[in-house]
Amino acid sequence: MKRIIISLIVLLTTASGYAQSAVSLRDSLNAAEKELELRPDSINLRLKKARWNVELGEWDYAKNEYDLILLHDPDNLSALYFRAFVNTKLGRYGFARQDYMNVLRQVPNNYEAKLGLALLDDKDKKKTKAFDEINLLVQAFPDSASAYAARAGMEEERQMLYLAEYDYSEAIMRDPTNTDYILNRANILITLGKKAEARRDLELLIRLGIPCANLSDYFKRIGK
C-alpha cells in the first residue's frame with residue numbers, strides 16, 4: 001500500500017533555538033531554489049522546495065508549488081496531501097477537503113488523509129462528523145498514537161477532560177517521548193486538580209530535555 005511520509009516539526013524550544021532552525025530551513029530552501037533553476041521540470045525538486053516552504057510557514061508559496069506539480073502529475077499523493085494541509089492553513093477548507101478525498105480515492109484506507117480530513121472537519125465546525133471520523137480512525141488504527149492524541153484534542157475542546165486524559169495516556173503509551181502529548185496531559189491534570197500526577201508529567205518533560213524555565217507557568221499552577 002502507498003503511504004505518505006509526513007514530516008512534523010515540534011517547536012518547543014527557546015527563541016534562539018528556533019532562530020537557528022529557521023536559518024537552517026532558509027538555507028535549505030535557497031539550495032532547492034537554485035537546483036530548480038537548473039531543472040525546472042523536476043517534480044522531486046518542486047516537492048523538496050514546497051516542503052521547505054511548508055516548514056517555514058510560507059503557505060502561498062507552497063500552494064503554488066503543489067499546484068504546478070499537480071498540473072503535470074494530477075495523482076501525485078504527496079502533493080495532494082500537502083496541498084490539502086496548506087489549503088487548510090489558508091482557510092480554503094473546500095479545496096482541502098477535495099484534495100483529501102482525492103488521496104482517499106487512490107488509497108481508500110490512507111491513515112494520514114483520514115486523520116487530516118477529521119481534523120479539517122473539526123476546524124470547519126463540522127463537530128459531530130469530525131468526532132465520528134476520529135472514533136472510526138482510532139478503531140481502525142488502534143496502535144496509532146496520533147489518532148488517540150487527535151481524539152484527545154477534540155475531547156479537550158469539548159471539555160470532556162477525563163476522556164481526554166485517558167486518550168492522551170493511550171497516546172503516550174504508544175509514543176512515550178512525545179513531549180506535546182505529555183504537556184497536554186499535564187495541563188489537563190492540573191485543570192482536574194490532579195497536581196501530583198501533573199508534577200510527574202512536568203518532571204518527565206524535564207528529563208526529556210525541556211528546559212524547566214519553559215514549564216514555569218505550569219509549575220506555578222500546581223503550587224511550586
Side-chain angles (χ1 to χ4, degrees), residues 3-4 6-14 18 81 84-85 88-89 91 93 96-97 100 104 108-224:
R3 185 170 175 84
I4 301 166
I6 303 176
S7 174
L8 299 177
I9 295 181
V10 178
L11 294 177
L12 193 61
T13 59
T14 62
Y18 172 74
Y81 174 82
F85 174 79
T88 301
K89 290 292 187 180
Y93 296 154
R97 186 172 287 105
Y100 282 132
L104 292 170
N109 204 37
N110 182 268
Y111 171 78
E112 287 87 354
K114 286 188 172 186
L115 177 59
L117 194 57
L119 294 173
L120 169 63
D121 284 334
D122 189 59
K123 187 180 289 288
D124 199 23
K125 309 302 181 185
K126 302 178 187 295
K127 299 295 186 179
T128 301
K129 183 181 179 185
F131 207 59
D132 289 343
E133 288 169 336
I134 200 64
N135 281 332
L136 289 173
L137 199 65
V138 169
Q139 292 173 23
F141 298 91
D143 295 328
S144 173
S146 56
Y148 278 100
R151 188 168 70 178
M154 292 184 189
E155 290 162 342
E156 184 175 6
E157 182 185 8
R158 292 160 174 77
Q159 293 300 302
M160 303 161 65
L161 298 184
Y162 286 100
L163 290 176
E165 178 199 347
Y166 171 83
D167 276 339
Y168 276 127
S169 296
E170 290 293 314
I172 293 164
M173 189 184 306
R174 292 159 176 77
D175 187 0
T177 61
N178 189 301
T179 53
D180 279 343
Y181 301 165
I182 299 167
L183 185 62
N184 287 335
R185 185 175 68 177
N187 182 61
I188 289 171
L189 289 168
I190 294 171
T191 303
L192 291 173
K194 298 183 178 183
K195 295 184 178 181
E197 294 174 53
R199 187 183 299 277
R200 283 197 292 271
D201 274 353
L202 296 177
E203 290 171 349
L204 173 58
L205 288 168
I206 293 171
R207 291 197 297 274
L208 290 171
I210 304 302
C212 186
N214 288 17
L215 303 171
S216 59
D217 288 342
Y218 295 92
F219 277 113
K220 286 177 183 177
R221 288 170 61 198
I222 61 177
K224 182 173 180 179

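In this text, all values refer to a predicted model and were calculated from it rather than measured experimentally.
Scanning both residues, Asp122 and Lys127, for their nearest heavy atoms gives O-NZ, 3.1 Å. Here the closest non-hydrogen pair linking Ile134 and Ala118 is N-CB, 4.3 Å. In terms of heavy-atom proximity, Thr88 sits nearest to Tyr93 at O-CE2, 3.5 Å. Residues Phe219 and Cys212 approach most closely at CE1-SG, 4.1 Å, considering heavy atoms. Across all non-hydrogen atoms, the minimal contact from Tyr148 to Pro142 is CE1-O, 3.4 Å. Smallest separation of non-hydrogen atoms from Ala186 and Ala198: O-CB, 3.8 Å.
Atom-to-atom distance recorded for Lys129:NZ and Leu120:CG is 8.5 Å, nearest 0.5 angstrom. Summarising the geometry, atom CZ belonging to Phe131 is positioned 10.5 Å from atom CD belonging to Glu157; distances are rounded to the nearest 0.5 Å. If you take CG on Leu189 and CD1 on Ile222, they are separated by 10.0 Å, rounding to the nearest 0.5 Å. Distance check: Ser169 OG to Ile188 CD1 gives 9.0 Å after rounding to the nearest 0.5 Å. Between the CG atom in Asn110 and the OH atom in Tyr100 there is a gap of 10.5 Å [rounded to 0.5 Å]. With rounding to the nearest 0.5 Å, the separation of CZ in Arg185 from CG in Asp180 is 13.5 Å.
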Next item on the list: Apply side-chain contact (heavy atoms from CB on, under 4.5 Å) to Lys195 and Ile190, showing your working.
Entry: CA-CA 5 Å; Lys195 295 184 178 181; Ile190 294 171; 5.6 Å; no

Next item on the list: Check the pair Glu112, Leu115 against side-chain contact (heavy atoms from CB on, under 4.5 Å), reporting the backbone distance first and the verdict last.
Entry: CA-CA 5 Å; Glu112 287 87 354; Leu115 177 59; 5.8 Å; no

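Here the side chains of Glu155 and Leu161 are not in contact, with every heavy-atom distance at 4.5 Å or above. Within the 4.5 Å cutoff, side-chain heavy atoms of Arg221 are placed close to those of Asn187. By the 4.5 Å heavy-atom criterion applied to side chains, Lys126 and Arg97 are counted as neighbours. In this structure, the side chains of Ile182 and Ile210 stay at 4.5 Å or more apart for every pair of heavy atoms. Considering only heavy atoms from C-beta on, Leu119 comes within 4.5 Å of Met154 through its side chain.
Judged by distance alone, the side chain of Arg174 and the main-chain N or O of Glu170 form a donor-acceptor pair under 3.5 Å.
Atom NZ of Lys89 sits in a sparse spot, with 12 or fewer heavy atoms from other residues, nucleotides or ligands closer than 6.0 Å.
Under the 3.5 Å distance criterion, with hydrogens and angles disregarded, a donor-acceptor pair is assigned to the side chains of Asn184 and Tyr168.
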